Every structure is written in C-alpha cells, then in structure tokens.
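Since this is a predicted model, take the numbers as computed values, not measurements.
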Amino acid sequence: MELLGLSPALLALFVSFGFMVGVLFGFFGMGGSFLITPTLLILGYPAPVAIGSGLAFYFGTSVIAVLKHYDVGQVDYKLGAVLFVVLSIGIELGSRLVFGLEALGVAELVTGVAYVVLLAGIGLLFLRRAYRLEEATDDDDDGISDEEIPPIARKIQSYEVAPMLSLGSGGRASLWTILGSGGGVGLVSGLIGVGGGFIRMPAIYYLIGTPLTAAVGTSLFAGLFSGAFGTFTYGMSGGVDLAVVSLLLVGSALGARIGSAATAIVEEDDVIVYFGIMMLLASAGIGLSELGNWLGVGSLDALSVVLLVGSSFAVASIILYQVLASSKKAETDTRSATDSKG
C-alpha cells in the first residue's frame, strides 16, 4: 500500500529524518538541506529532483525559523536585498549547470563528489572549533565579541574599491566584495542544492564584515528569499518532489521547535564535536555510494544510507537525551529543595 506514491517505509523515513534534521536545525541554526540532498541522491532520485527538493526543504525551514526567531538579531535590510539579487543570479547559474551536467549524464557524480569535499570540510571545521573552544576555556581573551568585526574582515574593508556600500551595522564594504561573496554562495547553492546558510553567514561575517548578530539575521533574511527563488527555478523544471518535501517539513516543524528549546538547556560545546563527526561520517557515506556506483556494488548504497541518516539520528538523539537528563535533574533538584523545606 502506497501513500503519496511512497511506500510506508519511505514515509516513516522521511518524516523521522525531517524530525531529526529539524532538531539539528533548531539547535545549530543550519537549514539541513546539506543532509537532505545527498540522502535523496543515494535513494536514487535524479540530481535535479534531489537538489530542487533540498532547496524547497531549506525554504520551508527558513520560514519556520523566521516565524520562530523573527527577533533573533539585527538585520541589514539593504545588504540583504543586494545579497538576494546576487544569490539569485548565482542559484540560476548553478541550476543551469546542473541541468547541463544532467544532459551529459554526470550530474550525480559531480554533485556527489562536491558533497564529499563539502561535508568533510564542514566536519573538520567543527572539530577544529571544538578543539579551539577547549583550548580557550581558561583564556577569555581569545574570543571575539558578537558585536565585533573579525580581523580578516577589517583587513578586507581597508581596501576601498569603489563603489562602496554603507552597512547598517556601521562601516562600509566594497560592492565587489558583496557581489563576489553572494554570487559564489549562490552558485554553490544552485549547484548542489543547499540553502547555503553554513557558508553564507560566514561569508557575511568574515568577508563583508558585519557583527556576528547582524550576520546571522541578514543571512536568514537573504536566504529566505533566495531559497524561494531556487525552489521556483527547480520547480518550474519539475525538480521539486512536493510529497517528499512535505513529509520532511512535517517532521522538521516539530523537531525545529524542540531543537530551539534545547539551546536553553544543552551547551553547544557539549555536542559540537559529535556534529563534526556526523559531517565526516556523512561525507564517508556519500563517498561509499559513489564508489559503489563505480564498482557496481549495490550493497554499499545501503551502508551509505546508514552512515548518512544514522549519524544525524545519533547526534539529534544525543541532544534529546541531554534535554531529558537536564529536565530530570532539574525536577529532582526541585523535589529535593521542597523536601528540605518541609
């Protein structure tokens, strides 16, 4: 018996996977499309459909994030509007490249290899961040305030190449820096089907030069509209599977709320190393899938799904476990305090 053209097993997989990705999204602030797209590729969906559905999922989670965190931080609307334009151009170019690669029969290979490199890079960056956080535990001078601009951004801003754009958070940035940063992120988003938040926000922070709070808010603002444009671009060419996206969003809507609430209970430092390991396992899973396709060994696809989906389930479960453990501890402390007063 099938519903929405999907077997019961796939229905359960997409809803539960969406839930777990939602937990990660709510906790770490990442859209999760960088997990959705490669999973759909491994499950046999064509590259344009996997990429378009990943962008549609990102757009949906962005809407959820805006509704849940509309006052999360500052937003530079002028910068966000410029970024939206160049992001859209980059996404359009990336999508055209994907359909061209599809015609050549190499879209899945190119996308898969790009994901292996990208997820491995993200994983290593998170592990490096975890290591630096551990080193900086006893040295408060190593950190940069959320309201400060990182040194590399100040260096880039010192080269005043006209035309210059005044930033809402103060300071100015060359329009060429903004165009290059936004266009590059958009191209990656259109090529491999990610919302790009995990590279868009660092680009705004480290290259354009806004405070971290403004970078987060502006990234969310620009990403919401660029995600909508990317969804429209692929949707017009039949590259969005609405059944899959809807199931993922059903799970994600609940998971994102739980993940957001968990940020007040669980320290990110406690699970960041697990997130880095998850990215490395996901990279290995996609690599195994590509190797299996090359060698004609179908069993490697099953192992790659276990690594990709299983690793995200594991990290989300760790977050949920710590939430339950913290809640139980708080309840025990409250009961003990009440008993001592009695």
Side-chain angles (χ1 to χ4, degrees), residues 28-31 34 62 65-66 69-94 117-118 121-122 124-126 128-133 135-136 139-191 194-227 229-230 268 272:
F28 292 104
M30 293 185 174
F34 59 90
S62 293
V66 170
H69 302 290
Y70 67 94
D71 59 348
V72 69
Q74 299 175 344
V75 177
D76 188 331
Y77 292 101
K78 180 166 63 174
L79 175 60
V82 175
L83 283 173
F84 161 61
V85 173
V86 293
L87 281 167
S88 299
I89 294 173
I91 289 173
E92 176 66 21
L93 293 175
V117 176
L118 183 64
I122 296 172
L124 291 174
L125 284 175
F126 267 85
R128 179 174 177 268
R129 180 180 172 189
Y131 177 74
R132 292 185 66 181
L133 284 173
E135 278 193 331
D139 189 357
D140 294 334
D141 294 332
D142 285 348
I144 297 177
S145 169
D146 287 353
E147 298 305 319
E148 293 181 2
I149 297 174
I152 186 173
R154 291 198 297 267
K155 181 67 174 178
I156 293 173
Q157 287 182 351
S158 68
Y159 300 105
E160 297 193 359
V161 181
M164 301 293 291
L165 181 71
S166 297
L167 302 175
S169 55
R172 299 195 307 164
S174 171
L175 185 61
W176 296 107
T177 301
I178 298 172
L179 295 178
S181 303
V185 172
L187 183 64
V188 172
S189 298
L191 179 62
V194 296
F198 60 94
I199 52 177
R200 185 176 57 249
M201 191 281 289
I204 296 173
Y205 180 53
Y206 287 106
L207 300 180
I208 297 174
T210 68
L212 186 58
T213 52
V216 172
T218 304
S219 174
L220 182 61
F221 174 73
L224 177 64
F225 295 102
S226 62
F229 179 81
E268 182 179 342
I272 193 172

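Scanning both residues, V161 and W176, for their nearest heavy atoms gives CG1-CD1, 3.8 Å.
Note that CD1 of I178 is 11.0 Å distant from CG of L207, once rounded to the nearest 0.5 Å. A distance of 11.0 Å separates CD of E160 from OG1 of T177, quoted to the nearest 0.5 Å.
Not one N or O on the side chain of K78 forms a donor-acceptor pair closer than 3.5 Å with the backbone of L165.
For the pair L167 and I208, the minimum side-chain heavy-atom distance is below 4.5 Å. The closest side-chain heavy-atom distance from L175 to V82 is below 4.5 Å.
Residue L124 qualifies as enclosed at atom CG: its count of foreign heavy atoms under 6.0 Å is above 12.
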Query raised in the report: Given the rule in the side chain to side chain contact (heavy atoms under 4.5 Å, CB included) test, do V185 and L83 qualify, once you have shown the distances and angles that lead to the verdict?
Result: CA-CA 10 Å; V185 172; L83 283 173; over 6 Å; no
